[in-house]
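Encoded as structure tokens, the structure appears first; notes follow it.
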Amino acid sequence: MVAVFVTTLLLGATSSLAAAPVEAGKVYSGSEGEEVAVVPLSPRSSKKYILRVQGTGSELDGKVMPFELKDWSTNSTEQHNYVTQWQGRGYTVLYMRNSNYELNVPGRAKEIRVSFDEKRTKALNAEEVYKQHQKQQADGTLTKLMAFDRKGEMANHDKDYGATLQEMNKSCGTSVAASIDWSTITDDQLKELSISSFCEPSLSALKALCDVSNVAKQTVKEKVKQVSCRLGASLEPKFDAERLIWTTSKDASNQETFAKKFYKTNL
């Protein structure tokens, strides 16, 4: 479904942009030189835009991506979200609530407050922004940024999981090998869930036990050589000889507490 949305957004932008000129845009700027140019596509009623972000130090800088305007206004509140696709997910870059604008970019934990910049708006060349968009769309730059990068996502989670494993091995004096069974995890689950956070309790609970008990340390050394984390229908870990198969689920909660009880009973 996400792939269809990405394709529709890109192809829809391609056809409509090619057939229709851009309209006069606006520029919003922040206190440290950040800016976003907002250029509507004609007809404005289509709620299609291209936005160019600059000066944020993020991967979005200099990119001119296609956006849809989502109007979430109510009788008491005016709210607009400018939404694109970023690594396969819907991503709001510019957010407006009651005429207050905030810019959201990858790699920045906090939103950037921006406001209408009359000087930069007058200097904005909407046609030039459109040409940049066409070029980046033709050379594949935008497709790469908008597409879901499963390998990259997996690598990030493996790195986080590996850091927790290293801490556990240090506390327990072990050399346990651990991995995430990615064959059990779909793209949609990887987009929705922090997979490493679901897998890490199996290791952090062992670390906690080793930190307070030499007996636990010795037991872990003797009985745990491998850990495999997978996603299933329910939280249902088990031991297979010296291998722990940690099966968790998207609805699992209080996993570390559950893990400690499981180890005390099964180790």
**Study point:** By side chain to side chain contact (heavy atoms under 4.5 Å, CB included) - contacts of R97 (at least two apart)
**Key:**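 Residues passing side chain to side chain contact (heavy atoms under 4.5 Å, CB included) with R97: T77, Q79, Y95.
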Just checking, any donor-acceptor pair under 3.5 angstrom between side chains of [X] and [Y]?
X	Y	result
Q255	T248	yes
D61	T56	yes
D139	T141	yes
E222	Q218	yes
T186	D188	no

Between atom [atom1] of [X] and atom [atom2] of [Y], what is the distance when rounded to the nearest 0.5 Å?
X	Y	atom1	atom2	answer
S204	E256	OG	CD	3.5 Å
C172	K221	SG	NZ	9.0 Å
R89	T84	CZ	OG1	14.0 Å
E200	I195	CD	CD1	11.0 Å
C229	L165	SG	CG	12.0 Å

Exercise for review: State, yes or no, whether a side-chain contact exists between S253 and F258 at a heavy-atom distance under 4.5 Å.
Suggested key: no
Keeping [X] on the side-chain end and [Y] on the backbone end, is there a donor-acceptor pair under 3.5 Å?
X	Y	result
T184	L231	yes
S202	C199	yes
S29	D117	no
N254	T257	no
E102	V114	no
S46	P43	yes
H133	V64	yes
S213	V215	yes
T92	L94	no

Parallel, tilted or perpendicular for [X] and [Y], by the 30°/60° rule?
X	Y	value
W182	H157	tilted
Y263	F239	tilted
W86	Y91	tilted

Residues [X] and [Y] bridged, charged N to O under 4.0 Å:
X	Y	result
E127	K131	no
E242	K223	no
E111	R113	no

**Study point:** Counterpart residues, side-chain hydrogen bond (donor to acceptor under 3.5 Å, both in side chains), relative to R150 (two or more places apart)
**Key:**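 side-chain hydrogen bond (donor to acceptor under 3.5 Å, both in side chains) check on R150 returns D187.
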Review point. Is K191 positioned over the aromatic face of F148, cation under 6.0 angstrom from the ring centre and no more than 45 degrees off axis?
Key: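 The answer is yes; both the distance and angle limits are met.
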**Study point:** side chain to side chain donor-acceptor pair (under 3.5 Å) assessment of N169 paired with T174
**Key:** CA-CA 5 Å; N169 274 327; T174 53; 2.6 Å; yes
Exercise for review: Determine, using ring centers only, whether Y101 and Y28 are less than 6.0 Å apart.
Suggested key: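 That pair passes the under 6.0 Å test.
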